[in-house]
Amino acid sequence: MPVLNLFLYLLLTGIISLNNNEKHNTMSKIIYFQDPLCGWCYGFGPVIKKISVDYKDKYQFQVVSGGMIPDAKSGSINEIAPFIKEAYKTVEENTGIRFGDNFIKNVLMPGNAILNSEKPSRAITICKLLKPENSISFVHDLQWAFYQDGKDLQDDATYRPLAKLFGMDEDHFRKMLNDPLVAGKTQEDYQITSSLGINGFPTLVYQDTDTMLILSRGFSAYEELKQRIDSIPHYLNNKP
């Protein structure tokens, strides 16, 4: 996609904005493409959370859900993703994060839990609408609830403590999970991800008025990612 067309696409779909009243320069963002069921995103959670804190005064951070397992492809772990029973160990070895005993014993090994990105992605959309400044932390805590605590992300009740933790009314949050507006905006995230050719998670992108840079495709350690972000001004000053 040509740079100018990409800029117009991002502008029209709302990833970027021309609102000059916003605190930060809206032309300079770091966009986090993820899926709440992505194990590598769970491993990347502490990294992107720290990055978003360290660079909060320099860049705006935005979360986009990728729709890794849509309704049409959903099913139990045993049916659609039995490989996770071994693959989670690779995530642990490469990221340093650990999957909780409750997840391993009560979710992973029985293999009956349903994997469907839709509801947890809608929950992320709600946070983006109500508490956008907390989106990255919300994603991290949502993934922690699943991969550490073994919570059922298809159960509306799972989201009540998360809503409360981030200062959102629990009952209102639960109703919004079935709101057509929330469903539509979640689908927009999927479409943006697909249209930009992003088919793996996590992916981290720098974006301004005329530049789009892939900062990370897959897991990156903190120091490695920090080095890339710190090199952005040099690249922008010396690009052709």
Side-chain angles (χ1 to χ4, degrees), residues 9-10 12-17 29-49 51-52 60-75 80-81 84 91 113-147 151-156 158-159 162-163 165-166 168 173-174 176-207 212 214-219:
Y9 179 81
L10 295 175
L12 291 172
T13 52
I15 282 189
I16 64 174
S17 166
K29 291 189 176 184
I30 292 178
I31 307 169
Y32 177 33
F33 292 87
Q34 54 72 46
D35 187 274
L37 296 181
C38 169
W40 285 102
C41 296
Y42 168 62
F44 188 59
V47 175
I48 184 58
K49 190 173 180 179
I51 287 289
S52 68
Q60 288 190 66
F61 285 81
Q62 185 161 348
V63 171
V64 177
S65 295
M68 185 175 72
I69 307 178
D71 285 335
K73 295 182 179 180
S74 68
I80 67 172
I84 295 177
V91 177
I114 299 299
L115 298 181
N116 187 326
S117 297
E118 183 64 22
K119 185 165 288 186
S121 294
R122 289 188 188 187
I124 293 168
T125 297
I126 296 169
C127 185
K128 288 166 61 176
L129 291 170
L130 301 181
K131 297 283 184 177
E133 69 279 7
N134 292 331
S135 296
I136 287 177
S137 292
F138 184 87
V139 170
H140 173 68
D141 285 11
L142 176 59
Q143 291 170 338
W144 186 275
F146 182 56
Y147 283 117
K151 299 294 185 182
D152 182 2
L153 298 186
Q154 306 309 315
D155 184 354
D156 289 3
T158 295
Y159 300 96
L162 283 168
L165 179 64
F166 287 94
M168 294 176 279
F173 189 99
R174 191 168 180 175
M176 289 185 72
L177 285 170
N178 298 307
D179 189 310
L181 172 65
V182 171
K185 287 192 171 295
T186 301
Q187 290 298 317
E188 286 177 11
D189 270 15
Y190 299 170
Q191 292 165 11
I192 290 167
T193 303
S194 176
S195 296
L196 295 179
I198 295 172
N199 54 17
F201 310 106
T203 294
L204 205 64
V205 172
Y206 165 84
Q207 180 267 316
M212 185 177 185
I214 302 293
L215 297 173
S216 178
R217 185 182 283 115
F219 176 82

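For the single chain, residues carry numbers from 1 onward in sequence order.
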Flag, side chain of [X] to backbone of [Y], donor-acceptor distance under 3.5 Å:
{"X": "Thr158", "Y": "Leu153", "value": "no"}
{"X": "Ser135", "Y": "Pro132", "value": "yes"}
{"X": "Gln143", "Y": "Asp35", "value": "yes"}
{"X": "Ser195", "Y": "Gln191", "value": "yes"}
{"X": "Thr203", "Y": "Gly200", "value": "yes"}
{"X": "Arg122", "Y": "Ala183", "value": "no"}

What is the minimum heavy-atom distance between [X] and [Y], and which atoms define it?
{"X": "Phe201", "Y": "Gly66", "answer": "CZ-CA, 3.5 Å"}
{"X": "Pro70", "Y": "Gly67", "answer": "CD-O, 3.5 Å"}
{"X": "Tyr147", "Y": "Gly39", "answer": "OH-N, 3.6 Å"}

[atom1]/[X] to [atom2]/[Y] distance, rounded to the nearest 0.5 angstrom?
{"X": "Leu129", "Y": "Met168", "atom1": "CG", "atom2": "CE", "result": "10.0 Å"}
{"X": "Asp141", "Y": "Phe166", "atom1": "CG", "atom2": "CZ", "result": "4.0 Å"}
{"X": "Asn116", "Y": "Met68", "atom1": "CG", "atom2": "CE", "result": "10.5 Å"}
{"X": "Ile84", "Y": "Leu37", "atom1": "CD1", "atom2": "CG", "result": "8.0 Å"}
{"X": "Ser65", "Y": "Tyr32", "atom1": "OG", "atom2": "OH", "result": "9.5 Å"}
{"X": "Lys49", "Y": "Phe61", "atom1": "NZ", "atom2": "CZ", "result": "14.0 Å"}

Of [options], which meets side-chain contact (heavy atoms from CB on, under 4.5 Å) against [X]?
{"X": "Leu204", "options": "Ile214, Ile30, Val47", "answer": "Ile30"}
{"X": "Gln207", "options": "Gln62, Gln60, Lys29", "answer": "Lys29"}
{"X": "Leu142", "options": "Ser137, Cys127, Pro36", "answer": "Pro36"}

Query - Under the side-chain hydrogen bond (donor to acceptor under 3.5 Å, both in side chains) test, residues paired with Ser52 that sit two or more places apart - result: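 Partners of Ser52 by the side-chain hydrogen bond (donor to acceptor under 3.5 Å, both in side chains) criterion come out as none, since no residue qualifies.
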*Sequence-distant partners of Lys119, side-chain hydrogen bond (donor to acceptor under 3.5 Å, both in side chains), two or more places apart*: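 If we apply the side-chain hydrogen bond (donor to acceptor under 3.5 Å, both in side chains) test to Lys119, skipping adjacent residues, the hits are Asp156.
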| query | Listed by chain and number, what are the salt bridge (charged side-chain N to carboxylate O under 4.0 Å, His left out) partners of Lys185, not counting sequence neighbours? | reply |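 With neighbours one apart ignored, the set is empty.
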Could you tell me whether the side chain of [Y] reaches within less than 4.5 Å of the side chain of [X], counting heavy atoms only?
{"X": "Leu115", "Y": "Phe146", "answer": "yes"}
{"X": "Asp189", "Y": "Ile124", "answer": "no"}
{"X": "Pro120", "Y": "Gln154", "answer": "yes"}
{"X": "Gln187", "Y": "Glu118", "answer": "yes"}
{"X": "Gln34", "Y": "Ile48", "answer": "no"}

Which word best sums up how the rings of Phe138 and Phe173 line up, parallel for under 30°, tilted for 30 to 60°, or perpendicular for over 60°?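 The rings of Phe138 and Phe173 sit tilted, inter-plane angle from 30° to 60°.
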inquiry  = Counting neighbours of CZ on Arg174 that are heavy atoms of other residues, nucleotides or ligands and sit closer than 6.0 Å, is the number greater than 12?
reply    =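 Atom CZ in Arg174 is crowded, with more than 12 foreign heavy atoms closer than 6.0 Å.
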Residue pair Ser121 / Thr186, side-chain donor-acceptor N/O under 3.5 Å: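 There is no such pair between these side chains.
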Side chain to side chain contact (heavy atoms under 4.5 Å, CB included) between Ile126 and Leu177, worked out:
CA-CA 8 Å; Ile126 296 169; Leu177 285 170; 3.8 Å; yes
